[in-house]
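For this chain, numbers begin at 1 and follow the sequence in order.
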Amino acid sequence: MSADRLACWAGLNAVVFGPRIDWTNCRELIQMTKHVYGCACCSADFGKLFRSNDAVSALREKAATGEGWSCNWGFDLGRFGRRGFLMGGAATAGLAAVLPAQARAQTDTTIVFTGGTVLTVDDEFSEAEAIAIRGNRILSVGTDSAVRAAAGADARVVDLAGKTVLPGFVEAHTHVIAGSVVDAVMEYVGMATYATVAEVLDHIARRAAETPPGEWLVFRNFDPAVQDGPDELTFAELDPISTDHPIFVFNASGHLAYANAKAFEAAGVPADVENPPGAEFVRDAEGKLTGVMKNNVAFLQVLGAYPALATTDPVEAVIGLLSKWSQHGLTTVSELSLGGLSQSAADAQVLLDAAASGRLAARIRAYPFYTIGAEAWDAAGVRPGTGNAIGRVAGYKLVADGSNQGFTGLQREPYLNSDSYGLAYTSREDLIDIAVERASRGWPLAIHGNGDAAIDNVLDACEAVRDAGIDMSRVRARIEHCSILHDEQIARMKDLGVSASFLIGHVHYWGVAMRDEVFGEAKAQLLDRCRSVEDAGVGFTLHSDFMVTDPVPLHMIEMAVTRKTWKEPDYVLAPAERISVESAIRAMTSEAAWQLFSDHEIGSLEPGKFADMVILDRDPRDVPPDEIRNIRVLETWMDGRQVFSAR
């Protein structure tokens with residue numbers, strides 16, 4: 001690829017570090033190539049979405065003043081005892097002292113659940129007849145008589161009536177801190193709910209009909225690459241829906257957006273607006289605006305006028321999102337780009353405040369993001385273990401490349417019908433330097449790698465860590481997404497003690513596109529090789545990468561078991577990579593807990609661990625694989641509290 005051509009591709013991709021490229025210089029290339037974008041959540045630009053948010057602005061400003069933000073600023077760690085709060089497990093008693101009364105009410109309560117199937121997901125995947133919890137811990141697991149005896153005569157007994165109990169689901173890779181703010185102010189219109197563009201437009205029309213004039217209608221995860229219909233939404237599609245409501249639709253890529261004329265008017269964006277460097281307000285052949293905006297430098301001029309984006313409280317947004325996710329049985333989630341909200345170490349404040357609220361329906365394990373800078377995190381006193389059993393820092397996040405479906409994942413060979421190899425977000429040399437430096441300071445590592453060449457670089461970095469004399473079992477290095485894997489790379493992972501975390505939605509939602517547009521039939525077979533890594537003895541997890549897809553564990557388990565694609569329901573992508581239901585359950589419970597350095601406290605139903613569990617109406621092993629997603633979550637329990645009930 002020529003330097004000029006690569007520069008244009010870089011200009012299209014809003015996450016490349018360095019000078020922006022004038023979009024107009026790349027227009028001819030844009031017209032003759034596929035839509036190119038990077039991983040929005042892994043972009044240093046993602047935080048620009050929140051510049052108009054009052055709370056985020058306050059966090060950023062305070063972090064930039066005086067000595068900068070630190071773990072004890074604005075947060076009374078003395079209420080916990082600094083050592084107890086920051087270093088985790090011992091903090092439970094200290095945290096209870098400041099929790100609301102209703103959160104402490106069950107401290108001494110003993111409950112026995114019996115009359116169903118208890119899948120412990122321990123090393124043997126053993127089954128039990130009953131389980132007892134006392135306070136926020138599991139007291140006993142085993143036969144009905146043994147558990148009742150351990151619980152005592154005063155225990156409350158719950159009849160499961162044949163239902164199935166599993167450990168609470170653990171989501172190893174989401175972006176819950178920044179993503180919760182987006183979710184709070186944007187409604188989902190993605191492919192999991194709407195198969196076509198027409199269905200999306202019908203839904204927007206229904207929302208307009210029931211919403212008072214003047215109020216904004218804002219939507220997320222629109223993806224015309226997989227939703228059948230027009231490739232973009234313009235004034236022609238959106239203005240007939242409403243001229244009274246500003247309408248804004250965010251593309252799933254994070255780098256495109258669409259709005260109606262009313263939204264441009266409400267934001268004060270004139271018809272003769274100039275294109276910012278590296279971005280574009282798209283115009284038609286007559287030079288008139290179409291409503292399509294490319295890159296955040298453009299669309300934030302419109303979205304910035306949305307009042308809810310300014311007033312949303314990030315802590316309340318996290319609390320609300322995790323409460324919503326409890327309906328799916330999630331009891332532990334993750335933040336793999338801590339710092340992405342405020343673009344500073346002050347994101348840790350949101351994590352700690354949410355953890356101290358006593359209102360979270362799930363635990364959070366967070367990974368500080370490398371673009372904020374190691375010095376900033378160190379100066380703030382953020383280190384592995386910062387937090388407590390509810391919210392805790394688990395490791396450090398690095399990024400090697402972009403997105404395969406966005407043609408920015410770094411490949412050994414060019415993309416299908418292209419001369420592009422993708423992009424290295426971090427050079428091999430820099431990746432090695434940062435990985436060794438962070439690991440030498442005790443940081444576990446999670447490194448984003450989608451393309452096979454990027455995974456080569458990630459493994460080189462892990463090898464350098466090992467060669468530096470650092471214990472890899474302490475680093476627990478994991479490759480995020482780990483999309484395109486060759487046999488020799490799996491062997492290297494095994495040798496280095498590196499695990500995989502698969503965005504399984506790549507198979508289900510984008511499998512056909514990977515085959516037909518991105519890689520071709522042969523290379524697409526290397527996508528998310530769950531069975532191959534399992535056979536090699538390499539640990540793996542399944543994740544949603546929220547907001548790329550939404551975290552619905554039972555559906556994700558089904559995706560891994562069947563590997564059927566959304567676009568062609570009868571097509572199975574790489575059938576040899578299908579895994580058993582038991583293996584898929586492990587990937588969303590015990591294996592995920594291990595990756596998040598929480599296997600000592602969650603991930604399986606064993607005495608002494610936290611009472612995090614989900615009750616299902618059916619055993620996932622006993623239903624046809626295509627129906628796993630239809631299993632109902634009846635109850636979700638986190639930390640000994642029922643946080644969701646379908647009844």
Side-chain angles (χ1 to χ4, degrees), residues 42 123 172-173 334 336 365 367-368 370 374 384 394-401 404 409-412 424-503 526-543 577 579 583 586-587 590-600 603:
C42 291
D123 290 344
H173 186 130
S334 48
L336 266 289
R365 299 293 179 262
Y367 285 68
Y370 76 119
Y396 200 79
K397 171 74 176 297
L398 299 173
V399 176
D401 68 341
N404 289 334
L410 187 65
Q411 309 299 332
R412 292 178 176 180
Y425 284 14
T426 308
S427 70
R428 175 183 177 276
E429 294 73 21
D430 286 346
L431 197 67
I432 289 172
D433 289 345
I434 299 171
V436 172
E437 189 276 335
R438 289 288 86 186
S440 69
R441 289 177 173 264
W443 282 95
L445 298 175
I447 310 179
H448 165 124
N450 266 314
D452 48 9
I455 292 171
D456 286 335
N457 291 346
V458 173
L459 292 172
D460 287 349
C462 292
E463 187 170 336
V465 169
R466 185 183 66 180
D467 290 348
I470 299 168
D471 183 358
M472 288 296 287
S473 68
R474 180 174 55 78
V475 177
R476 291 194 190 181
R478 40 185 284 203
I479 303 178
E480 303 309 300
H481 316 319
C482 205
S483 299
I484 298 297
L485 269 179
H486 299 272
D487 289 347
E488 77 275 8
Q489 292 175 318
I490 296 173
R492 287 188 74 190
M493 292 173 69
K494 174 63 175 175
D495 178 59
L496 291 166
V498 175
S499 65
S501 188
F502 295 118
L503 200 179
L526 303 178
L527 182 67
D528 289 3
R529 299 183 67 189
C530 299
R531 181 62 179 269
S532 291
V533 298
E534 181 179 41
D535 288 348
V538 173
F540 70 95
T541 60
L542 307 173
H543 69 256
E577 298 298 340
I579 56 174
S583 294
R586 282 194 187 279
S590 58
E591 288 288 339
W594 183 88
Q595 284 191 341
L596 295 172
F597 274 77
S598 294
D599 49 311
H600 62 289

Please list, chain by chain and in numerical order, all residues satisfying salt bridge (Lys or Arg N to Asp or Glu O under 4.0 Å) with D456, sequence neighbours excluded.
R412
Can you list every pair that meets salt bridge (charged side-chain N to carboxylate O under 4.0 Å, His left out) and has a residue in residues 590-600, with sequence neighbours left out?
R476-D599
In Å, rounded to the nearest 0.5 Å, how long is the span from CG of L336 to NE2 of H481?
7.5 Å
As an exercise, state the distance from CG of L503 to OG1 of T541, rounded to the nearest 0.5 Å.
10.0 Å
I'd like to know whether I484 forms a side-chain contact (heavy atoms from CB on, under 4.5 Å) with L527, so could you lay out the CA-CA distance, the side-chain angles of the two residues, the decisive distance to 0.1 Å, and finally the verdict.
CA-CA 5 Å; I484 298 297; L527 182 67; 4.2 Å; yes
Tell me, yes or no, whether the heavy-atom count around D467 atom CG, taken from other residues, nucleotides or ligands under 6.0 Å, exceeds 12.
yes
Could you state the interatomic distance from CH2 (W594) to CZ (R478), rounded to the nearest 0.5 Å?
9.5 Å
If I compare all heavy atoms of A593 with all of G603, which pair ends up nearest, and what's the gap?
CB-CA, 3.8 Å
Expected output: side-chain D401 to main-chain G451 donor-acceptor under 3.5 Å:
yes
Cut-off 3.5 Å, side chains only: do N404 and Q411 have a donor facing an acceptor?
yes
Could you go step by step and tell me if L398 and I434 meet the side-chain contact (heavy atoms from CB on, under 4.5 Å) rule?
CA-CA 8 Å; L398 299 173; I434 299 171; 3.3 Å; yes
Determine, step by step, whether F540 and C482 satisfy the side-chain contact (heavy atoms from CB on, under 4.5 Å) criterion, reporting the C-alpha distance in whole Å, the side-chain angles of both residues, the deciding distance to 0.1 Å, and the verdict.
CA-CA 10 Å; F540 70 95; C482 205; over 6 Å; no
Closest non-hydrogen contact found for Q595 with A500 is NE2-O, 3.0 Å
Taking every heavy atom of M472 against every heavy atom of V465, the minimum-distance pair comes out as SD-CG1, 3.6 Å
Side-chain heavy atoms of L431 within contact of V458, under 4.5 Å
yes
Give me the ring orientation class for H543 and H173: parallel if the planes are under 30° apart, tilted from 30 to 60°, perpendicular past 60°.
parallel
Tell me, with the steps shown, if R428 and I432 meet side-chain contact (heavy atoms from CB on, under 4.5 Å).
CA-CA 6 Å; R428 175 183 177 276; I432 289 172; 3.8 Å; yes
Contacts of type salt bridge (Lys or Arg N to Asp or Glu O under 4.0 Å), residue D495, not counting sequence neighbours
R466
Non-hydrogen atoms of C462 and L496 that approach each other most closely
CB-CD1, 4.1 Å
List in chain and number order the residues that pass side-chain contact (heavy atoms from CB on, under 4.5 Å) with R531, two or more places apart in sequence or in another chain; answer none if no residue qualifies.
E534, D535, E577, I579
For G395 and P368, which heavy atoms make the closest approach, and how far apart are they?
O-CD, 2.7 Å
Atom CG of D460 and atom CD1 of I455: how far apart are they, to the nearest 0.5 Å?
12.0 Å
So, taking the atom named OG in S501 and the one named CD1 in I447, what distance separates them when rounded to the nearest 0.5 Å?
13.0 Å
Qualifying residues under side-chain contact (heavy atoms from CB on, under 4.5 Å), relative to R441, sequence neighbours excluded:
D378, E437, R438, W443
Measure the spacing between CG of L526 and OG of S483 and express it to the nearest 0.5 Å.
11.0 Å
Residues in side-chain contact (heavy atoms from CB on, under 4.5 Å) with A468, at least two apart?
V436, I470
Mark yes or no for whether K397, through its side chain, and Y367, through its backbone, hold a donor-acceptor pair below 3.5 Å.
no
If you look at every heavy atom in I490 and S532, which pair is closest and at what distance?
CD1-CB, 3.8 Å
Judged by atom type as modelled, is there a donor-acceptor pair below 3.5 Å linking the side chain of R529 to the main-chain atoms of L485?
yes
